[in-house]
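Worksheet: one structure, shown below.
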Amino acid sequence: MITEKFNRPAIVFGHKSEESPQYTGSYRSPDGFSMLEFLENVEQAIFAGGHPEAGGTGCWKNKLNDFKDEVNTKLEHFKFNSDLVYDFEFSIEDINEQLIHSINSFFRISGKDFKPAKVLVRDVFTIKKDALGSGDTLKSQLCSVSHTWFIDEEEYADLKPEMAAMKFRIFDDFINEFPLHQTIDIVGTLSVNEYMRYRPVKRLEENQPNFYRRLFYF
């Protein structure tokens, strides 16, 4: 959340006990900046592991100030790009399950360390917004703005969502300021919310004593 708000890398430390000689914690960095590679070249870092933009690191307690000074000095003149970069642009009417699976399949087999495709979806209308979990996740129900052209504001509650947008690890201000009943453009990754309930194998006794069937519920 700190990283997204300030567009800068962030490290949060803690310790297991007062007696522990070291701090350990996690890091986050803006898209496109490998904090993992950066920390591997920080002398005061005891270790660094995880993914390029999210992982863990640590330092000795008596070297905390040295750690901070080294990190801040090395990042002092680094310019972080705040531009939104995306791979595709669609309208909400273009998006369907087949398209989502095709895009995700292509990026999954394209090579190591390929990130999921980022998509710009233009002219979506925010029907509803909710804070989920502990309040740090936003879920917004969306539809095409064209569905609002010939209705009154009192009818917005009756609109049927065509997709949902999720934003994780956010501040309260983000949820409060997120526009409701307005037209926006969004950038993110696409996925299909799938689940399956499975009932164990059952034996059918009537006239088929040796036949088994698996039942799937979608």
Side-chain angles (χ1 to χ4, degrees), residues 1-89 103-104 107-108 110-121 129-140 165-179 184-191:
M1 292 188 290
I2 299 174
T3 295
E4 292 187 352
K5 185 171 184 177
F6 297 102
N7 195 40
R8 300 282 294 181
I11 301 172
V12 177
F13 278 143
H15 57 200
K16 294 181 179 179
S17 66
E18 294 291 339
E19 293 74 24
S20 175
Q22 67 183 44
Y23 290 117
T24 57
S26 61
Y27 64 80
R28 297 288 187 275
S29 67
D31 286 348
F33 180 78
S34 177
M35 192 64 173
L36 175 61
E37 183 178 344
F38 173 82
L39 287 169
E40 288 174 342
N41 293 284
V42 171
E43 183 180 349
Q44 298 299 332
I46 301 173
F47 68 90
H51 301 286
E53 296 163 6
T57 187
C59 75
W60 300 113
K61 285 184 176 179
N62 60 354
K63 295 289 186 178
L64 178 61
N65 288 333
D66 294 336
F67 177 89
K68 291 193 296 183
D69 290 342
E70 183 180 356
V71 169
N72 289 330
T73 299
K74 289 183 174 180
L75 290 176
E76 183 178 2
H77 300 294
F78 192 92
K79 302 297 183 183
F80 291 93
N81 187 358
S82 59
D83 295 337
L84 284 175
V85 179
Y86 54 90
D87 302 288
F88 303 102
E89 178 179 335
I103 292 174
N104 290 340
F107 275 75
R108 187 164 53 248
S110 295
K112 183 180 179 182
D113 296 330
F114 264 64
K115 296 180 180 179
K118 283 195 174 180
V119 175
L120 168 65
V121 185
K129 65 176 180 179
D130 295 294
L132 304 181
S134 58
D136 62 350
T137 298
L138 168 69
K139 180 178 181 180
S140 178
M166 304 281 289
K167 179 71 172 176
F168 302 96
R169 297 186 298 274
I170 55 176
F171 290 98
D172 292 339
D173 289 347
F174 186 93
I175 296 179
N176 295 333
E177 295 172 4
F178 187 82
I184 63 172
D185 299 333
I186 59 173
V187 174
T189 58
L190 296 174
S191 63

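From a predicted model like this one, the values you see are computed outputs, not experimental measurements. The first residue of the sequence shown is numbered 1, and numbering continues consecutively from there.
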So, do F38 and V71 sit near enough that their side-chain heavy atoms are less than 4.5 Å apart? yes
Answer yes or no: is there a side-chain heavy-atom contact under 4.5 Å between T57 and F13? yes
Of all the heavy-atom pairs spanning [X] and [Y], show the shortest one and how long it is.
| X | Y | result |
| --- | --- | --- |
| G58 | F67 | O-CE1, 4.4 Å |
| I184 | F178 | CD1-CZ, 3.8 Å |
| P30 | P9 | CD-N, 3.8 Å |
| T189 | P116 | CG2-CB, 3.8 Å |

side-chain hydrogen bond (donor to acceptor under 3.5 Å, both in side chains) contacts in which one or both residues fall within residues 58-68, not counting sequence neighbours: H15-K61
Considering residues at least two apart in sequence or located in another chain, which fulfil the side chain to side chain contact (heavy atoms under 4.5 Å, CB included) criterion with [X]?
| X | value |
| --- | --- |
| T137 | L132, M166, F168 |
| P52 | S34 |
| S17 | E19, S20 |

Which residue pairs pass the salt bridge (Lys or Arg N to Asp or Glu O under 4.0 Å) test when at least one of the two sits in [range], sequence neighbours left out?
| range | value |
| --- | --- |
| residues 7-18 | none |
| residues 39-55 | E53-K115 |
| residues 69-82 | E70-K74 |

Using the test side chain to side chain donor-acceptor pair (under 3.5 Å), find all partners of [X] that sit at least two apart in sequence or belong to another chain.
| X | answer |
| --- | --- |
| K139 | none |
| D185 | R122 |
| S134 | D136 |

K129 side chain to I175 main-chain N or O, any donor-acceptor pair under 3.5 Å? yes
Within the side chain of N104, is there an N or O that forms a donor-acceptor pair under 3.5 Å with the backbone of L190? yes
To the closest 0.5 Å, what do you measure between [atom1] ([X]) and [atom2] ([Y])?
| X | Y | atom1 | atom2 | answer |
| --- | --- | --- | --- | --- |
| L36 | Y27 | CG | OH | 4.0 Å |
| I11 | L39 | CD1 | CG | 5.0 Å |
| L75 | S29 | CG | OG | 10.0 Å |

Are the aromatic rings of F33 and F78 close, with centres under 6.0 Å apart? yes
Name all residues meeting the salt bridge (charged side-chain N to carboxylate O under 4.0 Å, His left out) criterion together with D130; count only those two or more places apart in sequence or in a different chain, and write none if there are none. K128
I'd like to check the salt bridge (charged side-chain N to carboxylate O under 4.0 Å, His left out) partners of K167; sequence neighbours left out, ordered by chain and number. E4
